Amino acid sequence: MSINTPGSRNLFQSLLKGAKTLSQLTQAHAQVILHGFQNDLSNVTKLAHKLSEFNDMNYARDLFSSVPKPDLFLFNVLIRGFSNNDMPHSSIFLYTHLRKRTYLKPDNFTYSFVISAAGSTCFDHRISALLHGHAIVDGYGDDMFVGAALVDLYFKFSCVEFARKVFDRICDRDTVLWNTMISGLLKNSCFEDSVLVFGDMVRNGGTRLNSTSVAAVLPAVAELQELRLGMEIQCLGLKLGFHDHVYVLTGLLSFYSKCGEIERAKSLFRDIGRPDLISCNAMISGYTCNGEIESSVRLFQELLASRERVNSSTIVGLIPVFYPLGHLQLTTCIHGFCLKSGIISNSSVSTALTTVYSRLDEIEAARQLFDESSEKSLASWNAMIAGYTQNGLTEEAISLFQKMQTSKVIPNPVTVTSILSACAQLGALSLGKWVHGLVKSRNFESNIYVSTALIDMYAKCGNIVEAQELFDLMPQKTEVTWNAMISGYGLHGHGQEALKLFSEMLHSGIQPSGVTFLSALYACSHAGLVKEGNEIFQSMIHDHGFEPLPEHYACMVDILGRAGQLEKALKFIKGLPVDPGPAVWGALLGACMIHKDTNLARVASEKLFELDPENVGYYVLLSNIYSAERRYPQAASVRQVVRKRKLAKTPGCTLIEVDGAPHVFTSGDRLHPQSTAIYSKLEELNGKMREAGFQTETITALHDVEEEEKELMVKVHSEKLAIAFGLITTEPGSEIRIIKNLRVCLDCHTATKFISKITGRIIVVRDANRFHHFKDGVCSCGDYW
DNA sequence: TTAGGGTTAG
C-alpha cells in the first residue's frame with residue numbers, strides 16, 4: 001500500500017494513537033508532515049489530544065496555530081487540554097476565540113471543559129455567572145455534563161445556593177452529578193445536606209450508586225459524628241459489593257477514627273492487607289487525632305523505611321493539630337524533617353505547621369513560617385489570620401487581611417469568618433458591616449460559620465436587633481449559633497430573652513454544650529437573675545449530666561456575688577468538690593469590689609496571688625477596694641508590690657468610630673487633633689452636670705492622692721474624652737457608641753447617665769464585660785455590672 | 001479514598 005493512498009490516513013491515526021512516549025509522537029507527527037497530511041483535521045486533532053495527555057501544551061498550541069480553519073472538535077480538545085494541564089487562562093482565552101468564529105458554536109463539551117477551567121483559583125466567582133449565562137443562551141443550561149461542571153464550579157466559589165439551583169433544574173442526573181453534589185456540599189461544610197443528598201440518591205433507584213458515592217459521603221457522616229449511620233452505609237457498601245474496595249475501606253477507616261472508634265479503624269487497616277500510601281496516611285492521621293502519637297510516629301517511620309515515598313498528606317496527618325498541648329517538641333521535630341526533605345515547600349504542610357504553632361501560642365514561629373513559604377495558598381493566609389484572631393491579636397489579623405487583599409488573593413468563607421471574629425473582638429462595626437456587604441455579594445450567607453460569626457459580630461458591636469434578625473432568618477442553626485445569640489442577649493442585659501432562647505434551644509432538640517450553659521449563666525449574671533441561674537446550674541448537672549467545669553463554678557460565684565450574696569458565694573466555694581481555681585476566686589474578688597467588702601476581698605486576693613501571681617488585675621482590684629474604704633496605706637502597699645515586681649497594668653482606652661474612622665483615646669490624652677474642642681466640651685458638660693446634681697465619684701480611682709487631684713484625674717478617663725468627641729462630631733440626637741477595653745468605672749458610669757439626660761442622646765458603651773445602653777439618665781444594666 | 005484554613009463563654 002502506497003503511503004499516499006486514502007488508507008494511509010488510518011495508518012497515521014494508528015501511529016499517533018499508539019505513541020507511548022513524546023518522542024514516538026514527534027516521529028509520528030514528522031511522518032504526517034512528510035506526507036502532506038498536516039492539514040488533515042482528524043490527524044491534527046488526534047495529535048493535539050495526545051500532546052495534552054503528554055502535558056506538552058506548547059507543542060499543541062503551535063500545532064493549533066498552523067491550522068487555517070479549526071473545527072469545533074479541535075477547539076474542544078485544546079480547551080480541555082489547557083484546562084487539564086493547569087493552564088486555565090489559555091483555556092478561557094481559546095473559548096473567547098471560539099466565540100468570535102461565526103461559523104462555529106460551542107457545544108455541551110465546550111462548556112463543560114471551559115467551566116472546569118474557570119474553577120481555577122486564579123479566577124473569581126464572576127466568571128461562573130458569565131459562562132453559565134452563555135451556556136443557557138446556547139441551550140445547554142440543563143445539560144447533564146454542563147450541569148455537573150457548573151455545580152462543581154459554584155461549589156469551588158462557595159456559592160452553595162447557585163450550585164443547588166443548577167442541580168435541582170437537571171431532571172436527568174447521572175452518578176457523576178450526584179457525586180459532585182455530595183462532595184461539593186461536604187467541601188462547603190454542609191454536612192447534613194450532603195448526607196441528605198446521599199439519601200435521596202439511594203432512594204432514587206434510577207441512578208446507580210458507585211463506590212465513589214459511598215466514599216464521598218463518609219467524611220460528612222464523620223463530621224456529624226453519626227456512628228450508626230456510618231455503620232448502615234458500611235452495610236450498604238457490603239450489599240453493593242464495595243467491601244473490598246480500597247477507596248471504601250480507607251474512607252471507613254477514616255470515618256471510624258474520626259468517631260473515636262480507633263480499634264475498628266485498626267482492624268479495617270489490617271483488612272486492607274497491602275495498604276497503599278493513602279490508607280497509611282489515613283491510619284497515621286487516625287492515630288494522631290486519637291492521641292496515639294507513638295503509633296502514629298511508628299507507622300510514619302515504617303513508611304519511610306519502606307520504599308514507599310511519603311507525601312504532604314502523610315506529614316499533615318502526622319502533625320498533632322487536635323492534641324497540640326505538650327507537642328511542641330514533636331512539632332519542631334516534624335518541622336526539621338520537612339526542612340531537610342524539602343517537603344516544607346508544600347503549602348499544605350506549611351499551613352498545618354502554621355496552625356499548630358499558633359495553637360501552641362508560638363505565634364512568631366507561625367508568622368515566620370508563613371513569611372517564608374514561597375507559595376501561599378488561600379489556606380495559608382486563612383491559617384495565619386485565624387492564628388491571630390484566636391490569640392486575640394485582632395489588629396494583626398486585620399492588617400494581614402488587608403495585605404491579602406492587596407496581594408489579590410480572594411477571600412473565601414473561612415477568611416470572612418475569622419475577620420468577623422476579629423471585628424467582634426475589636427468592636428469594629430464599620431469593618432464588620434463592610435464584610436457583611438462582601439458576604440452578601442459573594443452569596444456566603446448560607447454558610448453556617450459565616451452567619452454565626454455575623455450574629456456574634458453584630459451582637460458584640462452593639463447591634464443586637466440586626467443580630468436577632470439574622471438569627472431568625474437562618475434556616476439551619478448549629479449549637480454554636482444558638483450559643484452566640486444567647487450570649488449576645490446576655491451581653492446586652494436582656495436576661496429574659498436569653499433564657500427564652502435557651503429553653504427554645506433545648507426544646508428544638510439541639511444538644512447543649514458546656515458553652516451553652518455558660519452563656520445562659522452569664523446572661524443570668526448580667527441581669528441579676530439569681531434564682532434562674534441556680535436552676536440552670538442544677539439542671540445542667542442533674543438533667544443533662546454535665547460535670548461543671550471551673551468556668552461554670554466561677555459563673556455561679558459571679559451570679560451570687562454580683563447580687564450581693566457574698567456569704568452564699570463563699571459557702572458555695574467552700575462546698576465545691578474540686579479545688580477552686582483563679583477564675584472562681586477572681587469572680588469573688590470582683591463581687592467584693594462592687595459591694596465593698598474588704599475582709600472577704602483580702603481572703604480572695606491572697607488565694608489569687610498564690611494561684612496566679614503574674615496577673616496584675618487582682619492587685620489593682622484589691623488596691624481599689626482599700627482605697628474605697630479610705631485605707632490608703634494598705635492600698636499603697638499593694639501597689640508597691642505591683643511596682644516592685646514590675647507588673648504592668650493594662651492602660652484603659654476607649655474607641656469611637658465616626659464616619660467609619662476609628663478614634664482611640666487614653667486617659668487624659670491630648671494627642672487628638674481636636675483635643676482643645678474636646679476638653680472645652682467636657683468643661684461645658686461638667687458645669688451642666690454639677691447643676692443637675694452630679695458629684696464626682698472617686699472611690700474607684702486607683703490613687704490615694706488628694707481629693708481634688710483625684711477628681712481631676714477621673715474627669716479625663718478615656719470614655720469621657722470619647723463621648724465628648726462623639727458629641728461634637730455627630731449629628732444632634734444621633735446615637736453614640738463607644739468601646740472600652742476595661743470595665744467601666746463607677747464615676748464614668750454615673751457621668752454617662754447624666755450626659756445622656758443633658759444631651760438627649762442614647763449612649764451605648766461596650767466595656768470588657770457587657771453593654772450599657774444609657775438613655776434619659778438611666779442605664780440598661782440597672783447599675784448592675 | 002487520606003491531610004491543611006473557620007464561628008460560640010470570660
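Every chain is numbered from 1, with letters handed out A, B, ... down the list of sequences. These values consider heavy atoms only, across backbone and side chains, with no hydrogens, waters or symmetry-generated copies. The structure displayed is predicted, hence computed values, not measured ones.
Electrostatic pairing of A:Lys266 and A:Glu261 does not count as a salt bridge here, judged by no charged N lying under 4.0 Å from a carboxylate O.
Among the protein residues, A:Asn346 comes within range of no part of the nucleic acid, since none of its heavy atoms lies under 4.0 Å from any strand. A:Leu378 comes within 4.0 angstrom of a nucleotide base, judged by non-hydrogen atoms across all strands. Note on A:Asn447: a base of the nucleic acid sits closer than 4.0 angstrom, heavy atoms only.
Closest to the side chain of A:Ser377, from the set B:dG4, B:dT2, B:dG10, is B:dG4.
A salt bridge (charged side-chain N to carboxylate O under 4.0 Å, His left out) check over residues 178-195 of chain A, counting only residues at least two apart or in different chains, returns the pairs A:Arg164-A:Asp193.
Within 3.5 Å, no donor on the side chain of A:Ser519 pairs with an acceptor on the base of B:dA9, nor the reverse. Side chain A:Ser347 to base B:dG4: a donor-acceptor pair is found below 3.5 Å.
The phosphate of B:dT7 has neither OP1 nor OP2 within less than 4.0 Å of any side-chain N or O from A:Lys460. Between B:dT7 and A:Gln390, a contact under 4.0 Å exists linking OP1 or OP2 to a side-chain N or O.
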Do any side-chain atoms of residues 251-258 of chain A form donor-acceptor pairs under 3.5 angstrom with protein atoms, and if so which ones, sequence neighbours left out?
{"unit_1": "A:Tyr256", "atom_1": "OH", "unit_2": "A:Gln234", "atom_2": "OE1", "d": "2.6"}
{"unit_1": "A:Ser257", "atom_1": "OG", "unit_2": "A:Leu253", "atom_2": "O", "d": "3.3"}
{"unit_1": "A:Ser257", "atom_1": "OG", "unit_2": "A:Ser254", "atom_2": "O", "d": "3.1"}

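In plain terms, the two heavy atoms of A:Phe771 and A:Ala459 that are nearest each other are CE1-O, 3.1 Å.
The ring of A:Tyr449 does not lie on top of the base of B:dT7; it is either too far (5.5 Å or more) or too tilted (30° or more).
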